[in-house]
**Q** 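One structure, as C-alpha cells, below. Some questions next.
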Amino acid sequence: MPNLFLKDEAINKAPAIVGFEIARFLQKAGKAKVSIFDVMNHFKRETWFSSNSFFYGLVFLYTVGLVDFEEPYLVIRHED
C-alpha cells in the first residue's frame with residue numbers, strides 16, 4: 001500500500017482519522033459485534049465517505065488490533 005498516506009489528501013479522509021471515527025461509532029454502539037452494514041449505513045452520508053476511505057479505515061483498525069472480522073460483523077477486540 002504505497003499510497004496509504006498522501007500529503008495531497010484531505011486529512012479527514014486519512015485512514016487513521018476514518019478509523020478513529022469508526023472506532024468511536026463502535027464504542028458508542030456498546031456491543032461486542034456490530035454489522036458492517038450498520039456501520040456503512042451510519043457513515044454513508046459523511047463528507048469523507050468513499051469506499052476506499054472506509055476500507056482503509058477498517059484496515060487501519062485491524063492492523064493496530066482494535067477490530068477483527070467475523071463475516072458480516074466487526075468484532076471489537078478487548079485486551080485480556
Side-chain angles (χ1 to χ4, degrees):
M1 287 187 213
N3 62 352
L4 192 56
F5 296 98
L6 299 174
K7 65 180 181 177
D8 315 358
E9 177 180 59
I11 191 73
N12 64 341
K13 291 185 177 189
I17 303 299
V18 173
F20 171 77
E21 293 294 332
I22 294 170
R24 184 169 30 181
F25 173 75
L26 295 175
Q27 184 180 26
K28 286 182 182 179
K31 301 176 190 172
K33 283 183 176 182
V34 178
S35 169
I36 195 164
F37 301 112
D38 292 339
V39 178
M40 287 201 62
N41 191 39
H42 177 77
F43 289 115
K44 69 183 177 186
R45 290 184 180 83
E46 294 290 329
T47 57
W48 57 261
F49 185 83
S50 71
S51 58
N52 282 341
S53 60
F54 186 75
F55 173 74
Y56 287 144
L58 287 177
V59 168
F60 176 79
L61 291 177
Y62 180 77
T63 303
V64 296
L66 294 177
V67 298
D68 208 353
F69 300 101
E70 286 181 19
E71 298 171 1
Y73 297 100
L74 291 176
V75 180
I76 298 151
R77 297 182 68 189
H78 298 284
E79 290 289 324
D80 293 335

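Every heavy atom of this structure was used, including side-chain atoms; hydrogens, water molecules and symmetry mates were not. Since the model is a prediction, treat every value here as computed from it, not as a measurement.
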**Q** Do T63 side-chain atoms and V59 backbone N/O form a donor-acceptor pair below 3.5 Å?
**A** yes
**Q** Determine whether Y62 and L58 make a side-chain contact, defined as any pair of heavy atoms from C-beta on separated by less than 4.5 Å.
**A**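 Heavy-atom side-chain distance check fails, nothing below 4.5 Å.
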**Q** Given the rule that I, L, V, M, F, W and Y join up when any side-chain heavy atoms are under 4.5 Å apart, are Y73 and F37 in one cluster?
**A** no
**Q** Over all heavy atoms of both residues, which pair between W48 and S53 is shortest? Give the atoms and the distance, please.
**A** O-OG, 3.0 Å
**Q** If I take atom CZ from residue F60 and atom CZ from residue F55, how far apart are they, to the nearest 0.5 angstrom?
**A** 14.5 Å
**Q** Do you know which of L66, V75, I76 makes side chain to side chain contact (heavy atoms under 4.5 Å, CB included) with L26?
**A**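 For L26, the side chain to side chain contact (heavy atoms under 4.5 Å, CB included) test succeeds with only one of L66, V75, I76, which is I76.
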**Q** Under the criterion side chain to side chain contact (heavy atoms under 4.5 Å, CB included), I'd like the reasoning laid out for K44 against F54: C-alpha separation, chi angles, the key distance, then a yes or no.
**A** CA-CA 9 Å; K44 69 183 177 186; F54 186 75; over 6 Å; no
**Q** Just how far is it from atom CD1 of I22 to atom CD1 of I17, taken to the nearest 0.5 Å?
**A**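 The distance works out to 12.0 Å.
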**Q** How are the rings of F25 and F43 set relative to one another: parallel (under 30°), tilted (30 to 60°) or perpendicular (over 60°)?
**A**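 The arrangement is perpendicular - the two ring planes meet at more than 60°.
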**Q** Please identify each residue that fulfils salt bridge (Lys or Arg N to Asp or Glu O under 4.0 Å) with E70, with sequence neighbours left out.
**A**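 E70 satisfies salt bridge (Lys or Arg N to Asp or Glu O under 4.0 Å) with K33 only.
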**Q** Should Y56 and V18 count as side-chain neighbours, where that means a heavy-atom distance under 4.5 Å?
**A**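 Answer no - side chains too far apart.
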**Q** Given side chains that start at C-beta, do those of F69 and L74 come closer than 4.5 Å, heavy atoms only?
**A** yes
**Q** Nearest 0.5 Å, what's the NZ-CD distance between K13 and E46?
**A**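 Nearest 0.5 Å value for the NZ-CD distance: 12.0 Å.
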**Q** Do F20 and V64 land in one hydrophobic cluster if side-chain heavy atoms of ILVMFWY residues count as linked below 4.5 Å?
**A**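 Shared cluster, no.
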